[in-house]
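This chain uses plain numbering: 1 for the first residue, then up along the sequence. Atom set for the values below is all heavy atoms of this structure, side chains included, hydrogens, waters and symmetry mates excluded.
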Amino acid sequence: MSSVWQYLTLGLDREIFGIDIESVHEILDYRPPAALPHAPPFLVGMIDVRGQSYPVVDLRTKLGLPAIPVTPATRIILLNIAMGERAMRVGFVADRVIEVTELDSAELEPAPDVGGRWRSTYIAGIGRKGEAFVVVFDLQALMAGDDPALLMPSLAA
């Protein structure tokens, strides 16, 4: 049985992240979400896609990265995330979508507990694509937690 799995890779800042392709429903060009009053800062609003409502999460804010203006490369990734007995529909705003790529799940390294930049509870593993590292999200943990995933603020480059 093969341990190679497909991931949608996306870029935030200088980092590359991976999302299990089985959770991805659709990728949309960015459109401004309708605002939600009293929502947490990472929840930027709601969008309607063919009669289905999706809350939209700004991944930069959720991960503790500084906000940037929307660019032509900004996308909303629609996901169906298994949360226990139910599926959660959510949209993630990403700086850019890179590609669908294969990573060998047997070669995914665990997230480092010390010295790493990202909160390890939000990471399913770290893979390699060529010379680049791909941080694979644990979507259930990411959506269940309210703490930013970034342990240290990003330094200005």
Side-chain angles (χ1 to χ4, degrees), residues 5-103 105 108 111 116-127 129 132-154 156-157:
W5 207 251
Q6 290 188 321
Y7 295 90
L8 177 70
T9 54
L10 58 107
L12 292 171
D13 200 25
R14 295 181 305 260
E15 309 278 350
I16 299 174
F17 293 93
I19 296 174
D20 184 337
I21 197 70
E22 287 192 351
S23 297
V24 178
H25 178 68
E26 189 172 350
I27 301 168
L28 304 173
D29 290 338
Y30 183 82
R31 62 174 108 163
L36 291 172
H38 310 293
F42 62 84
L43 184 58
V44 294
M46 299 282 290
I47 60 171
D48 179 81
V49 179
R50 293 179 292 286
Q52 298 281 329
S53 297
Y54 285 84
V56 178
V57 171
D58 183 338
L59 273 179
R60 283 184 150 271
T61 304
K62 180 72 174 167
L63 297 176
L65 294 169
I68 63 167
V70 171
T71 71
T74 304
R75 298 289 181 264
I76 298 176
I77 304 164
L78 300 181
L79 304 167
N80 292 314
I81 303 171
M83 299 292 287
E85 302 255 334
R86 65 182 182 89
M88 171 192 284
R89 283 192 316 261
V90 66
F92 280 178
V93 177
D95 294 354
R96 63 198 176 282
V97 169
I98 301 169
E99 66 181 355
V100 174
T101 192
E102 291 182 342
L103 297 173
S105 59
L108 287 182
R117 180 175 166 162
W118 302 102
R119 197 173 300 278
S120 61
T121 55
Y122 294 160
I123 299 173
I126 299 174
K129 185 67 178 175
F133 288 102
V134 177
V135 178
V136 177
F137 284 126
D138 179 332
L139 294 174
Q140 293 84 2
L142 183 65
M143 291 311 299
D146 286 331
D147 295 329
L150 184 65
L151 292 174
M152 305 172 274
S154 179

Exercise for the section: Start with the C-alpha distance between V93 and L59, add both sets of side-chain angles, then the distance that settles side-chain contact (heavy atoms from CB on, under 4.5 Å), and finish with yes or no. Expected result: CA-CA 6 Å; V93 177; L59 273 179; 5.9 Å; no
Practice task
Go through T61 and V44 one step at a time and tell me if the side-chain contact (heavy atoms from CB on, under 4.5 Å) criterion holds.
Solution key: CA-CA 9 Å; T61 304; V44 294; 5.7 Å; no
Practice task
Kindly determine whether D13 and L63 satisfy side-chain contact (heavy atoms from CB on, under 4.5 Å), including the steps that lead there.
Solution key: CA-CA 11 Å; D13 200 25; L63 297 176; over 6 Å; no
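For residues 90-103, the set of pairs meeting the side-chain hydrogen bond (donor to acceptor under 3.5 Å, both in side chains) definition, not counting sequence neighbours, comprises R60-D95, T101-K129.
Separating the CZ atom in R75 from the CD atom in E26 is a distance of 12.5 Å, to the nearest 0.5 Å. Summarising the geometry, atom NZ belonging to K62 is positioned 6.0 Å from atom CE belonging to M143; distances are rounded to the nearest 0.5 Å. The distance from the CG atom of L79 to the CD1 atom of I19 is 5.0 Å, given to the nearest 0.5 Å.
Two residues are said to be in side-chain contact when any heavy atoms from C-beta on lie closer than 4.5 Å; M46 and P33 fail this criterion. Counting only heavy atoms from C-beta outward, the side chains of Y7 and V134 never approach each other to under 4.5 Å. By the 4.5 Å heavy-atom criterion applied to side chains, V90 and L139 are not counted as neighbours. The side-chain heavy atoms of V57 and L142, taken from C-beta on, include no pair separated by under 4.5 Å. Side-chain contact between V24 and Q6 is absent, with no heavy-atom pair separated by less than 4.5 Å.
Using cut-offs of 30° and 60° on the angle between ring planes, the pair F92 and F137 is perpendicular.
By the side-chain contact (heavy atoms from CB on, under 4.5 Å) test, F133 pairs with I126, R128, sequence neighbours left out.
Here the options are I123, T9, L12, the test is side chain to side chain contact (heavy atoms under 4.5 Å, CB included), and the partner is F17; only L12 passes.
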